Amino acid sequence: MTELVINAPHLQTGRQRLGATAVSAVGWLLWCYLLFPLAALAGWLLNVEACSQWVNLSGGYLNLQEMLAIYGLTVSVMAGIWTCWVSYNAFMSRRDSGAQQATAVSLDDVCAAFGVRADDVMRCRRNRYAVVHFDHHGQIIGLE
């Protein structure tokens, strides 16, 4: 299951929890759908009895070759679409990289936005790790 930025289930609505569970379940089903033919083929090649029966019930060796060709084509198309998407995003990020420079955030802005003291922020900047403590409403109550 994908972790939320702030993992606070008591602050999530039931709808958010249900949505996260549904997305996780669909992801696992897709993995099972994609890996089952490969597992069956490997079992068949290793003479696993259950896999041999599955290959015979699904039409035999010729039908298995046909199904694996469709499977390979599907995976190739998915890889091609993914490659196009990555290339498009790389092109767009290169094109837009000089469009607008990010402005620096001052120490006072950070303190005002998060309600913390300036000395705590400076101490956290000097350290390699920082621990942020939250209250039950998600507000920052302390920095270490």
Side-chain angles (χ1 to χ4, degrees), residues 1-107 109-116 120-144:
M1 184 175 202
T2 302
E3 290 291 325
L4 299 173
V5 174
I6 298 175
N7 190 8
H10 62 282
L11 296 176
Q12 297 173 7
T13 64
R15 190 173 183 185
Q16 288 173 326
R17 286 188 217 133
L18 181 64
T21 303
V23 167
S24 179
V26 167
W28 280 108
L29 286 173
L30 284 173
W31 272 113
C32 291
Y33 173 76
L34 289 173
L35 295 178
F36 180 74
L38 296 178
L41 179 62
W44 178 65
L45 291 173
L46 295 172
N47 292 324
V48 175
E49 184 65 29
C51 293
S52 296
Q53 289 176 358
W54 181 81
V55 168
N56 289 333
L57 288 174
S58 64
Y61 179 71
L62 294 177
N63 197 13
L64 179 65
Q65 281 184 325
E66 208 174 285
M67 183 182 69
L68 288 174
I70 293 170
Y71 180 78
L73 180 66
T74 302
V75 171
S76 299
V77 168
M78 288 170 57
I81 290 171
W82 179 78
T83 303
C84 291
W85 179 254
V86 168
S87 300
Y88 172 76
N89 282 337
F91 172 74
M92 292 304 285
S93 69
R94 219 175 302 121
R95 192 183 85 180
D96 295 339
S97 63
Q100 187 178 32
Q101 294 295 329
T103 58
V105 179
S106 70
L107 179 62
D109 293 337
V110 171
C111 294
F114 295 105
V116 293
D120 288 340
V121 174
M122 290 306 294
R123 191 178 70 241
C124 288
R125 282 184 176 177
R126 284 191 303 268
N127 293 327
R128 188 171 185 170
Y129 298 103
V131 177
V132 181
H133 297 280
F134 298 94
D135 64 5
H136 65 282
H137 295 294
Q139 300 296 319
I140 296 175
I141 58 172
L143 298 171
E144 289 181 21

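Bear in mind the structure is a predicted one, so any value in this text is a computation, not a measurement.
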Contact summary for L143 and R123, nearest pair of heavy atoms: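 Reported closest heavy-atom pair: O-NH2, 2.9 Å.
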- prompt: Considering all heavy atoms of both residues, which atom of V105 and which atom of R125 are nearest to each other, and what is their separation?
  reply: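 So the two residues come closest at O-NH2, 4.5 Å.
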message: Could you tell me if the side chain of F134 sits less than 4.5 Å from the side chain of I141, heavy atoms only?
response: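 Of all side-chain heavy-atom pairs linking F134 with I141, none is under 4.5 Å.
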- request: Could you list all the side chain to side chain donor-acceptor pair (under 3.5 Å) pairs where at least one residue sits in residues 74-89, not counting sequence neighbours?
  value: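 For residues 74-89: none.
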Non-neighbouring partners of R15 that pass side-chain contact (heavy atoms from CB on, under 4.5 Å), sequence neighbours left out: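 With sequence neighbours excluded, R15 shows a side-chain contact (heavy atoms from CB on, under 4.5 Å) to T13, given in chain and number order.
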L30: partners by side-chain contact (heavy atoms from CB on, under 4.5 Å), with sequence neighbours left out: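 Listed in chain order: V26.
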Please name all residues satisfying side-chain hydrogen bond (donor to acceptor under 3.5 Å, both in side chains) with [X], sequence neighbours left out, ordered by chain then number.
{"X": "H136", "value": "none"}
{"X": "E144", "value": "H133"}
{"X": "D109", "value": "S106"}

